Each structure stands twice: as C-alpha cells, then as structure tokens.
Amino acid sequence: MQFSPSNIDTRPHSSFVGIHQELCFSPSWLHRASKGYASIGAKELGKAGTAPAHRMVAMLLLGQLFPGDSVLHRCGNRKCHNPYHLYIGGDAENKRDAKLHRTSGQLWGNLYQTCGFGTHIVEMQQPLVLSTETCRRSLKFKGFTPCACFHVDWLAATTDGYPQLHGHQLPADIAGAHRKIHQLFCGPIDRYDIVGHRCGDPTCLNPYHLAIVGRADIGEWNLKYDKRFKLTPADHARIALSTATNAQLAADFGVHPQTIQSYRLSGRNGRQTGRNYSRVRTTT
Ligand SMILES: [Zn+2]
Ligand SMILES: [Zn+2]
C-alpha cells in the first residue's frame, strides 16, 4: 500500500518508533509484573484478564500457541517484546538459552538507546548475545515496513471484521488485535480510545498504520459493552438534569457513584464535541 501526499498529512500519525532486528524493545507504558515481564490486558484469555506481553506478541505476530509451547527470548531480556527476539520452543531450548545468557551476563553493558515521544519512552537495549537456537516451529517474524500492510492468517475475526485471538466472538472495540498491537508498540490506550487504520485496511496489524483517531462516547460505550452499566437512556437524561450529588444518585439508581460521574462526563463531552469522531478508513 502506498500513501499519497493527498491522504497522508491530514490524518493522525502513528507514534510507532520502529523496531530494530538487534535492539530490544521495552516501552515504558506497559505494566510490569513481578518477574519483570510486561503485561497487557486480554479479558478474552481468561479470568486473570491479562497476558504477558511477549506471549501476546508471539500469538499475534508469530503464530498460534499450543499446550506446552513456551515463548522464549533470544536476547535474555524479560522486559523485551521485540518479535525478532522471540521464538516458540520448550523446556530444552529454554534451558540452553538460560545457560547462554548466564555465561554472557557480564557482557551486558549500558549499550542502549531510548526513543522518547510525549511522556513515554521505548528503551532499546542492545544484547551482546542473541541465541540462535533452532525453533520447535519455524515461525519467523516478517518485519514491519511503513509502506506495506501486515497480515497474518491464523487469527479469527471479530463480529465486525477485524482480526482477534481465537476463542471469542467479540467486536473490535473490545478484542481487536489492532488495539493490542497499538498498546504493545505505539502507546497506551484506554477502552474509549478509537484505534484507526491509516491504510484503510481493518485487517492490517502494522503499527506504522495505526493511530488513535478519536474517543468513543463514554455513555454509549458503557451501555453497549459494560454489564455494570444498567441505566436506560431515560435514566441518563434524568442524571444529566439532576442537581443531586453523585452519591445521592448512585443510591437512587443502585449503581456506583463512579458510574454516575461517567454518565455526567459523557453527557458534557458529547455536547461539547458533537460526538464527531469516526474511524479513519480511507480507500487505497
Ligand atoms: Zn530483546
Ligand atoms: Zn496497513
């Protein structure tokens, strides 16, 4: 896909800084679990509601994981989820890699660079040793380039035609793989951020082509997807006109005060913005 000057300048730009085959990729915006691995929200994968970022990258960009599969780091850096540094193996490969990185540990220096944008940085440490163990399965990352869309063929489809992990039938606003790619490689989003495709292809997973293009209406989003929000449009109107406190209204409606606050904010934002955000989908 080629961008033309007529359609590239007016759309939100991706904040993806790119990845390098040899440098690690450790963004500051992801939560770090106790063992040092980054984690990402993934409600569709189970009760925990999160998954290690490197496993998520493997599932989205390398191939399906099966029971017994481990996602291993060639660089030995748990904070990293550069797909070039990940491969799918088992215990034997894991032990060989651990030995390699133990003996080369003293070779780690302060060789890294950081790429900053806004309040976030991506730490790109340079491992001096990258393991070259053969993979259990020959899954190789194809690489991201700015001028070509990125597709994989093992993901399922959301109810509205975007790729997602297998196991659920959910809309893209909840489970779209492109939203996970944005969180893993471009920057943080919250549930109301709309992630659009600058290339116009909803099946593309190239972070160069993704950008936050607007905000969903909070009230509408909550009514549609959040089971905790049980209020009707009539209740919503009553809340908008009421001068009672959040706590008083929460008691009246039997919901949490934060729910009332969200409705009030969404009503205000809706009036201010005219709710004119839309997905960026252009023809190519
Ligand atoms: Zn790495
Ligand atoms: Zn694309």
Side-chain angles (χ1 to χ4, degrees), residues 1-4 7-8 11-28 30 32 36-38 52-58 60-62 71-89 94 97-98 100-101 104-105 107-115 122-133 140-153 155 161-163 172 176-182 184-186 195-213 279-284:
M1 181 273 156
Q2 293 284 337
F3 290 123
S4 71
N7 71 7
I8 193 170
R11 293 170 295 165
H13 285 256
S14 168
S15 48
F16 181 48
V17 296
I19 52 174
H20 188 282
Q21 291 203 29
E22 292 186 356
L23 302 179
C24 292
F25 189 96
S26 310
S28 64
L30 292 182
R32 301 256 159 228
Y37 296 106
H54 66 292
R55 283 186 70 85
M56 182 61 76
V57 168
L60 294 175
L61 302 178
L62 296 184
V71 177
L72 308 174
H73 285 86
R74 293 197 180 283
C75 56
N77 180 2
R78 291 181 173 191
K79 295 193 299 181
C80 169
H81 63 252
N82 182 343
Y84 284 114
H85 291 185
L86 301 176
Y87 73 104
I88 297 170
N94 201 13
D97 273 6
L100 172 74
H101 293 122
S104 64
L107 297 179
W108 281 77
N110 293 319
L111 298 173
Y112 65 89
Q113 54 185 337
T114 54
C115 298
V122 177
E123 188 175 285
M124 294 177 155
Q125 195 164 16
Q126 183 177 22
L128 296 185
V129 176
L130 283 169
S131 79
T132 54
E133 297 296 344
K140 277 209 165 172
F141 176 56
K142 296 183 288 180
F144 296 131
T145 60
C147 292
C149 288
F150 186 98
H151 299 103
V152 301
D153 59 11
L155 297 178
Y162 292 73
H178 65 297
R179 296 180 65 82
K180 292 185 171 63
I181 292 289
H182 192 285
L184 288 161
F185 294 102
C186 303
V195 177
H197 288 81
R198 300 173 64 236
C199 55
D201 178 354
T203 64
C204 169
L205 296 180
N206 188 340
Y208 281 114
H209 296 180
L210 301 177
I212 296 173
V213 297
R279 288 185 193 285
V280 170
R281 285 189 186 180
T282 56
T283 53
T284 54

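One-based numbering, in listed order, for ligands and for the atoms of each. Because the structure is a prediction, the values reported are computed rather than measured.
Within the coordination shell of the Zn ion (ligand 1), defined by N, O or S atoms under 2.8 Å, H81 is absent. Residue side and main chain included, H197 places no N/O/S atom under 2.8 Å of the Zn ion (ligand 2). Within the 2.8 Å limit, H73 places no N, O or S atom next to the Zn ion (ligand 1).
Aromatic rings from F150 and F144 are positioned such that their centres are separated by under 6.0 Å. Between F185 and H81, a ring centre-to-centre spacing shorter than 6.0 Å is recorded.
Vertex the Zn ion (ligand 1); arms to C80 SG and C75 SG; angle rounded to 10 degrees, 120°. Seen from the Zn ion (ligand 2), atom SG on C204 and atom ND1 on H209 lie at an angle near 110° (rounded to 10 degrees). When SG of C149 and SG of C199 are joined through the Zn ion (ligand 2), the resulting angle is 100° to the nearest 10°.
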Show, in sequence, the C-alpha distance, side-chain angles and deciding distance for L130 and H85, and conclude whether the side-chain contact (heavy atoms from CB on, under 4.5 Å) test is met. CA-CA 8 Å; L130 283 169; H85 291 185; 3.8 Å; yes

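The atom of H85 nearest to the Zn ion (ligand 1) is ND1, with the search restricted to N, O or S atoms.
No donor-acceptor pair under 3.5 Å is formed between the side chain of H182 and the backbone N or O of P207.
The minimum heavy-atom distance linking H209 with C204 is given by the pair ND1-SG, 3.6 Å.
In this structure, the side-chain contact (heavy atoms from CB on, under 4.5 Å) partners of A38, at least two apart in sequence or on a different chain, are L30, R32, A53.
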